[in-house]
Amino acid sequence: MHRFFPHTDEDIKQMLDVIGVKDLKGLYAEIPEQLKLKKELNLPEGMSEIEIRQRFHELTDKNKELVCFAGAGAYDHYTPSVIPYIASRSEFCTSYTPYQAEISQGTLQYIFEYQTMMAELTGMDLSNASMYDGTTVAAEAAAMCVAAAKKRNTVLVSETVPAYIREVMHTYAKYQDIRLEVIADQNGQTDRDALKNRLSQNDIAGVVVAQPNRYGIVEDFTGLADECHATKALLVINGPASPLGSLRTPGEWGADIACGEAQSLGIPLNYGGPYIGYLCTTNALIRKLPGRIVGETTDANGQRAFVLTMQAREQHIRREKATSNICTSQGLMCLYVTIYLSLMGKQGLSEVNTQSYAKAHLLHDELLKTGKFAKAFDAPFFNEFCLSYNGNVDELLNKCAEKGYLAGVKIDDHKILFAVTEKRTEEEIYKLIDLVK
């Protein structure tokens with residue numbers, strides 16, 4: 001009946017005999033009775049393929065697609081239609097992870113190209129082969145700082161780093177003997193005086209700041225790297241990837257580590273994922289970098305070939321010696337980013353950012369003209385900005401959603417964070433203005 005189940009009753013009996021257990025219930029003898037399920041699992045009856053497809057259609061029809069003016073880490077950028085086609089080709093979709101280099105050249109090559117482009121985009125020396133997402137990668141960066149410092153375990157995190165990122169960092173830190181301290185923001189930006197005073201105690205392993213920050217503000221980090229390095233602390237700059245095509249790079253700011261979410265590079269919004277974390281650093285920290293690094297070489301015939309140059313993962317070495325025990329790469333999303341950057345090039349990415357910037361500033365100015373909004377902060381922004389609303393924030397967002405518009409992300413009872421990408425049209429912008437009015 002279940003011909004694809006791997007174990008027959010005889011197989012199970014033989015295994016139980018080997019370990020000296022009478023039956024399957026004996027495997028769970030140590031589990032308290034009150035924790036055991038005493039009834040059948042509430043599973044639906046099996047369905048045919050047609051019925052399954054119909055059921056999925058019924059579920060997806062419940063989703064209401066909205067015109068997106070929300071951001072806060074996930075952005076509605078255009079995905080060229082050729083990307084899913086190329087990404088599905090067998091040359092790229094080989095194994096889950098390229099353990100056997102000789103049969104994974106397609107996978108290794110696009111990872112190599114991804115690393116090259118991300119290193120150039122961030123202005124850093126090198127990139128790893130991607131990571132799980134933009135939150136866990138920030139936690140990994142903090143761990144890198146502590147590993148490099150050896151005898152220091154305190155990492156400072158600016159309050160302008162998005163709250164959901166800080167929460168994940170605290171989760172990681174709790175079990176890795178890492179002490180996180182939050183540096184308060186001042187008028188929407190990192191309090192540089194407070195940060196400098198804390199650094200002066202000479203016990204800090206690293207400093208994590210955001211660019212653009214949680215309010216969309218583009219901060220001025222002039223001199224920050226020097227302040228960190230003077231006390232032997234590392235500087236980490238976290239942020240979405242797309243703006244790096246136009247803003248000053250982490251490398252230009254003198255950062256030791258650049259990390260963040262790369263979803264904005266061609267990966268469509270999809271009800272919560274998947275995402276991809278980028279992590280780039282300097283040559284000096286290569287041995288502290290979690291994950292894998294793909295390198296280029298020549299094979300026995302002198303032809304170009306790709307190999308796993310570094311792979312300090314728990315699968316390859318002793319678990320306690322691994323740089324990270326949860327450094328999952330996002331292979332398919334890495335391929336998406338690689339194809340996107342290859343198609344767009346420097347000029348295309350610059351155009352994306354130019355349009356996003358211009359349209360964000362148009363919406364910003366028009367919202368202020370309604371008289372219902374005021375500036376939350378007087379600071380430069382890129383394609384995302386925060387405004388104070390003089391009414392009920394929840395009521396406004398709910399009414400806009402009813403009309404088909406995701407009008408931003410609630411920051412608190414009085415503030416809304418708006419984001420605009422190149423996909424938004426002037427017609428959509430002015431329709432949102434009309435809804436607000």
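All of these numbers come straight from a predicted model, not from anything done at the bench.
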message: When you measure from the side chain of Arg152 to the backbone of Asn202, do you find a donor-acceptor pair of N or O atoms at a distance under 3.5 Å?
response: yes
query: Considering all heavy atoms of both residues, which atom of Lys415 and which atom of Ser388 are nearest to each other, and what is their separation?
result: CG-OG, 4.0 Å
- prompt: Is any side-chain heavy atom of Asp185 closer than 4.5 Å to a side-chain heavy atom of Tyr215?
  reply: yes
query: Just by distance, do the side chain of Arg166 and the backbone of Val161 share a donor-acceptor pair under 3.5 Å?
result: yes
- request: Check whether any side-chain N or O of Glu261 sits under 3.5 Å from a backbone N or O of Ile276 as a donor-acceptor pair, and report yes or no.
  value: yes
field: Donor on one side chain, acceptor on other, Ser158 and Thr190, under 3.5 Å
entry: yes
message: If I compare all heavy atoms of Pro250 with all of Ile237, which pair ends up nearest, and what's the gap?
response: CA-CD1, 4.0 Å
- prompt: Would the number of heavy atoms belonging to other residues, nucleotides or ligands and lying under 6.0 Å from NZ of Lys151 be above 12?
  reply: no
Which atom of Gln115 lies closest to which atom of Asn128, heavy atoms considered: CG-O, 3.6 Å
task: Mind checking the OG1-CD1 spacing from Thr154 to Ile178? Nearest 0.5 Å is all I need.
output: 10.0 Å
query: Can Val155 and Leu180 be said to form a side chain to side chain contact (heavy atoms under 4.5 Å, CB included), step by step?
result: CA-CA 5 Å; Val155 175; Leu180 293 183; 3.7 Å; yes
- prompt: With side chains defined as the heavy atoms from C-beta onward, is the minimum distance between Met117 and Thr338 less than 4.5 Å?
  reply: yes
- prompt: Checking ring-ring contact (aromatic ring centres under 6.0 Å, His included) for the pair Phe381/His361: CA distance, chi angles, key distance, verdict?
  reply: CA-CA 9 Å; Phe381 64 90; His361 283 72; 3.9 Å; yes
- prompt: Hey, is Asp203 close enough to Arg198 for a salt bridge, meaning N to O under 4.0 Å?
  reply: yes
message: So, taking the atom named CG in Leu224 and the one named CD in Glu219, what distance separates them when rounded to the nearest 0.5 Å?
response: 9.0 Å
message: For the backbone of Leu269 and the side chain of Tyr271, can you confirm whether one donor and one acceptor N or O come within less than 3.5 Å of each other?
response: no
query: Looking at CG of Asn392 and CG of Asn398, how far apart are the two atoms once the value is rounded to the nearest 0.5 Å?
result: 8.5 Å
field: Salt bridge flag under 4.0 Å for residues Lys359 and Glu422
entry: no
message: Could you check whether atom CG of Leu35 has more than 12 heavy atoms from other residues, nucleotides or ligands sitting under 6.0 Å from it?
response: yes
field: Heavy-atom neighbours of Lys410 NZ exceed 12 at 6.0 Å
entry: yes
query: If we ignore angles and hydrogens, is there a donor and acceptor under 3.5 Å between the side chains of Asn383 and Ser356?
result: no
- request: Keeping the roles fixed (side chain from Thr370, backbone from Leu367), state whether a donor-acceptor pair exists under 3.5 Å.
  value: yes
- prompt: Which pair of non-hydrogen atoms, one from Gln211 and one from Ile217, has the smallest distance, and what is that distance?
  reply: OE1-O, 3.8 Å
- prompt: Got Leu247 and Pro212 here, is their nearest side-chain heavy-atom distance under 4.5 Å?
  reply: yes
- prompt: Can you tell me how far CG of Asp125 sits from CG of Leu285, rounded to the nearest 0.5 angstrom?
  reply: 9.5 Å
message: Counting only heavy atoms from other residues, nucleotides and ligands, does the tally under 6.0 Å from CG of Asn197 exceed 12?
response: yes
field: Chi angles and distances behind the side chain to side chain contact (heavy atoms under 4.5 Å, CB included) call for Ile165, Thr135
entry: CA-CA 5 Å; Ile165 294 179; Thr135 56; 3.8 Å; yes
query: By side chain to side chain donor-acceptor pair (under 3.5 Å), which residues pair with Thr222, not counting sequence neighbours?
result: Asp220
query: Are the aromatic ring centres of His364 and Phe373 under 6.0 angstrom apart?
result: no
field: Sequence-distant partners of Arg192, side chain to side chain donor-acceptor pair (under 3.5 Å), two or more places apart
entry: Glu227
statement: Residues passing the salt bridge (charged side-chain N to carboxylate O under 4.0 Å, His left out) test with Lys423, sequence neighbours excluded, are Asp76
salt_bridge(Glu120, Lys346) N-O dist < 4.0 Å: yes
query: Which atoms form the tightest heavy-atom contact between Pro80 and Met344, and what is the distance?
result: CG-SD, 4.4 Å
- request: Taking Tyr164 for its side chain and Ala72 for its backbone only, find out whether a donor-acceptor pair lies under 3.5 Å.
  value: yes
- prompt: Do Asp133 and Thr136 meet the criterion of a side-chain donor-acceptor pair at a distance under 3.5 Å?
  reply: yes
message: Closer than 3.5 angstrom, by distance alone: can the side chain of Asp299 be matched with the main-chain N or O of Asn301 as a donor-acceptor pair?
response: yes
- prompt: Are Arg55 and Glu58 within salt-bridge range, i.e. N to O under 4.0 Å?
  reply: yes
message: Looking at Gln330, is its backbone amide N or carbonyl O close enough to the side chain of Ser130 to form a donor-acceptor pair, meaning the two atoms are under 3.5 Å apart?
response: yes
field: Contact check, side chains of Ile257 and Thr281, non-hydrogen atoms, under 4.5 Å
entry: yes
query: Are any side-chain N or O atoms of Thr298 and backbone N or O atoms of Gln303, one a donor and one an acceptor, separated by less than 3.5 Å?
result: no
task: Enter the distance from Glu159:CD to Arg214:CZ here, rounded to the nearest 0.5 Å.
output: 6.5 Å
query: Any side-chain heavy atom of His229 sitting closer than 4.5 Å to one from Asp256?
result: yes
query: Where do Ser242 and Leu265 come nearest, in terms of heavy atoms and distance?
result: CA-CD2, 3.8 Å
- request: Could you go through the side chain to side chain contact (heavy atoms under 4.5 Å, CB included) check for Tyr340 and Leu349 one step at a time?
  value: CA-CA 9 Å; Tyr340 177 84; Leu349 189 56; 4.3 Å; yes
message: Would you say that more than 12 heavy atoms from the other residues, nucleotides or ligands in this model lie under 6.0 Å from the CG of Asp378, or not?
response: no
message: Is it the case that over 12 heavy atoms from other parts of the model lie below 6.0 angstrom from the NE2 atom of His414?
response: no
message: Quick one, Tyr336 and Pro84 - any side-chain contact, counting heavy atoms below 4.5 Å?
response: yes
query: Going by an N to O cut-off under 4.0 Å, is there a salt bridge joining Glu428 and Lys431?
result: no
- prompt: Counting distance only, does the side-chain N/O of Gln109 pair as donor-acceptor with the main-chain N or O of Phe306 below 3.5 Å?
  reply: no
- request: Output, in order, the C-alpha distance, side-chain angles, deciding distance and verdict of side chain to side chain contact (heavy atoms under 4.5 Å, CB included) for Leu432 and Val67.
  value: CA-CA 9 Å; Leu432 178 59; Val67 179; over 6 Å; no
query: Does atom CG of Asn42 have more than 12 heavy-atom neighbours, drawn from other residues, nucleotides or ligands, at distances under 6.0 Å?
result: no
message: For a 4.5 angstrom cut-off between non-hydrogen side-chain atoms, does Leu368 reach Lys375?
response: yes
message: Just verifying a value: how many Å separate Glu113 CD and Cys334 SG, rounded to the nearest 0.5 Å?
response: 10.5 Å
query: Around atom CG of Asp177, are there more than 12 heavy atoms of other residues, nucleotides or ligands at under 6.0 Å?
result: no
- prompt: Does any non-hydrogen side-chain atom of Leu108 lie less than 4.5 Å from one of Phe112?
  reply: no
field: Donor on one side chain, acceptor on other, Glu351 and Gln347, under 3.5 Å
entry: no
